[in-house]
Amino acid sequence: TGLTGAALPLDFPAGQLRDLTFPQDAKDVYTLTTTEGSGYVDQGSGKVLNWVAPTWADRVTALATLLHTGRGAALVGLILGLAALSVPLLGLTGALMRGFARTRRFAPAAEADTVILVGSEGGATWGFAETLAAELTAKGAHPHLASLSDFGDFPRARAMMILTATYGDGEAPASAAGFLAKLEAMPQAPQIPLAILGFGDRSFPRFCGFAEDIAAAAEAKGWPRLAPLATVDRQSPQDFARWGTTLGAALGQPLVLAHKAARAATQTLTLVSRRDYGEAIQAPAAILRFALPPRGLWARLTGRRDFQAGDLLGILPEGSAVPRFYSLASARRDGFVEICIRKHEGGLCSGQLHALQPGETVQGFLRPNPAFHAGAGRAPLILIGAGTGIGPLAGMIRGARRRPVHLFFGMRHAGSDFYYAEDLAEWQAEGRLSGLNLAFSRGRHPHYVQDALRAQAGQLRDLVVQGARIMVCGGREMGQGVRATLAEILAPIGLTPDRLAKEGRYAEDVY
């Protein structure tokens, strides 16, 4: 077979073809995989937008796939399958080794005179904690560094610091799981003077909410205070340095906390297609689809760098070391990385992304966001979004299997910002989308997503009674309005969004 007009020769025997995905619309591309590589082909010009030759890891993986099918190598495939049983053990021991490497250069718990406990979701707070521990060590202290979930007995400690981020709407981050419950269960608080430093984003309503909860619980337990509760906004090194001055005064030892965030390890992402919206109303937005970044053999075996809709894509804009994060509208099984973004006036990253043309590249990395996953099972899924918040929700619909999915989508004009319109129609026809409720906020009769929810109040209550999971994505004001509206709708059945959130059935991704 052959493809003509391409920038690279694509004549190859039909036996080398592994996968060919046809474009869904006039602006999409062919996705082609052969034994000699994979890439994207423009359907109009035939130009290859991105072509990646197989690495040695790809060839080894292909061989492993052949062996696992049993075609002519059943015995070897069986041996490899038995060997694969060791992978979970290797993954566990690897994680333990990484955790040990993080803390081994500091004092063990039984010998520490200072304890630093960390509550972190994405890992950034650990970096600040290590800076603090290193400075204390330089001043002659013997600090112990651990996660908040490892809170326990520290017999020689004379001072304790808690550095914690806040997840979502005032919730505990991953490494702080169970801390407040442990503190509550204690007959009395430790008599070690405590200083608390919260990390967060001041634009969120519950800025450093989890740190505030710890401070309140500590005061209620009578925990001695070393320094007042302090906060760091958006990982500000200046805020951290100022807190260091306050902490040093409390310790009677000047501290200079000069923190430099480690630059995230990135990969090159190649844009393969884009769909543009909103130009007519001077509110440009786009759905950007990037080629799937390659994975090494170890990542393939352990599942690392897998991702799903609702996870985050971090983009490092040119001229900045601070990444911007966008919710993913795709999963690895889709074969591409996709985001839906709006261009913001003066926005460094959004401006650079909107200037990208197919074939051009950016630097980015993937970050898990497990609290905003659709999850498995057959319980109904209620998706509520507005504007570019449709992105991760669209990805969840694309991957839905054997469960009812109901979407409530708010936009301004159907002709300007009805993102994923063709896809939603197709998913409805395929049965992946059970219900589609639209709200248009511009025009003669403004209608918001909250109004669409009220119009279906009875159905929403029935779905929640059936065990539905509710997921909300969009602007913060919309998120607050949706939460208030759902509280009204669910009141007759004795439920609230807060209660559903505690049950793992209500999740927000608001910005």
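- For T270 (side chain) and T361 (main-chain N/O), no donor-acceptor pair under 3.5 Å exists by modelled atom type.
- The two residues A400 and V405 have their closest heavy-atom pair at CB-CG2, 3.8 Å.
- Judged as a side-chain hydrogen bond (donor to acceptor under 3.5 Å, both in side chains), and not counting sequence neighbours, the contacts of R499 are E503.
- The number of heavy-atom neighbours closer than 6.0 Å to NZ of K182, taken from other residues, nucleotides and ligands shown, is above 12.
- At least one donor-acceptor pair closer than 3.5 Å links the side chain of H354 to the backbone N or O of K343.
- By the side-chain hydrogen bond (donor to acceptor under 3.5 Å, both in side chains) test, Q352 is found to be paired with no residue, residues two or more places apart in sequence or in another chain being considered.
- Under a 3.5 Å cut-off, the side chain of R432 and the backbone N or O of P404 do not form any donor-acceptor pair.
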Exercise. Run the side chain to side chain contact (heavy atoms under 4.5 Å, CB included) check on F409 and V449 step by step: do they pass?
Worked result: CA-CA 6 Å; F409 179 27; V449 69; over 6 Å; no

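- Among residue pairs with one or both ends in residues 366-380, none qualify as salt bridge (charged side-chain N to carboxylate O under 4.0 Å, His left out); sequence neighbours excluded.
- The number of heavy-atom neighbours closer than 6.0 Å to CD of E219, taken from other residues, nucleotides and ligands shown, is 12 or below.
- Applying ring-ring contact (aromatic ring centres under 6.0 Å, His included) to H259 and the options W243, F128, W126, F199 leaves one that passes, F128.
- The backbone N or O of I192 sits less than 3.5 Å from a side-chain atom of W223, completing a donor-acceptor pair.
- A distance-only check finds a donor-acceptor pair linking the side chain of R461 to the backbone of I489 [under 3.5 Å].
- How far CG of L257 is from CZ of F240: 4.5 Å, rounded to the nearest 0.5 Å.
- The distance from the CD1 atom of I315 to the CG atom of L348 is 12.0 Å, given to the nearest 0.5 Å.
- Environment of CZ in R401: crowded, with over 12 heavy atoms of neighbouring residues, nucleotides or ligands closer than 6.0 Å.
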For this session: Before giving the answer on side chain to side chain contact (heavy atoms under 4.5 Å, CB included), spell out for T137 and H142 the whole-Å C-alpha distance, their side-chain angles and the decisive distance to 0.1 Å.
Result: CA-CA 6 Å; T137 300; H142 301 285; over 6 Å; no

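- Every residue meeting the side-chain contact (heavy atoms from CB on, under 4.5 Å) condition with S327, not counting sequence neighbours, appears here in chain and number order: L312, P392, D509.
- Checked by atom type and distance alone, the side chain of K221 pairs as donor or acceptor with a backbone atom of M186 at under 3.5 Å.
- When atom types are taken as modelled, the side chain of Q267 and the backbone of P294 share a donor-acceptor pair closer than 3.5 angstrom.
- Proximity of a side-chain donor or acceptor of S175 to a complementary backbone N or O of V118 within less than 3.5 Å is detected.
- Qualifying side-chain hydrogen bond (donor to acceptor under 3.5 Å, both in side chains) partners for Y506, counting only residues two or more places apart in sequence or in other chains: E508.
- Residues passing the side-chain contact (heavy atoms from CB on, under 4.5 Å) test with A112, sequence neighbours excluded: A107, H144.
- The local environment of CD in Q191 is crowded, with over 12 non-hydrogen atoms from other residues, nucleotides or ligands closer than 6.0 Å.
- Remark: K139 pairs with E135 by the salt bridge (charged side-chain N to carboxylate O under 4.0 Å, His left out) rule, at least two apart or across chains.
- Cation-pi check for R332 over F307 is not met; the charged atom does not lie both under 6.0 angstrom from the ring centroid and within 45 degrees of its normal.
- Counting only distance, with no hydrogens or angles, the side chain of D311 and the backbone of N369 share a donor-acceptor pair below 3.5 Å.
- A donor-acceptor pair under 3.5 Å is formed between the side chain of R469 and the backbone N or O of G504.
- Applying the salt bridge (charged side-chain N to carboxylate O under 4.0 Å, His left out) criterion to R342, with sequence neighbours excluded, gives no partner residue.
- For D239, the side-chain contact (heavy atoms from CB on, under 4.5 Å) partners at least two apart in sequence or on another chain are V232, D233, S236, R242.
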Exercise. Is there a side chain to side chain contact (heavy atoms under 4.5 Å, CB included) between M160 and T114 once you walk through the steps?
Worked result: CA-CA 6 Å; M160 183 177 294; T114 307; over 6 Å; no

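- Partners of F179 by ring-ring contact (aromatic ring centres under 6.0 Å, His included), not counting sequence neighbours, listed by chain and number: F151.
- The salt bridge (charged side-chain N to carboxylate O under 4.0 Å, His left out) contacts involving residues 144-161 comprise D113-R158, where partners must be two or more places apart or lie in separate chains.
- Between F365 and F325, the ring center distance clears the sub-6.0 Å criterion.
- With sequence neighbours excluded, the residues satisfying side-chain hydrogen bond (donor to acceptor under 3.5 Å, both in side chains) with Q363 are T266, T268.
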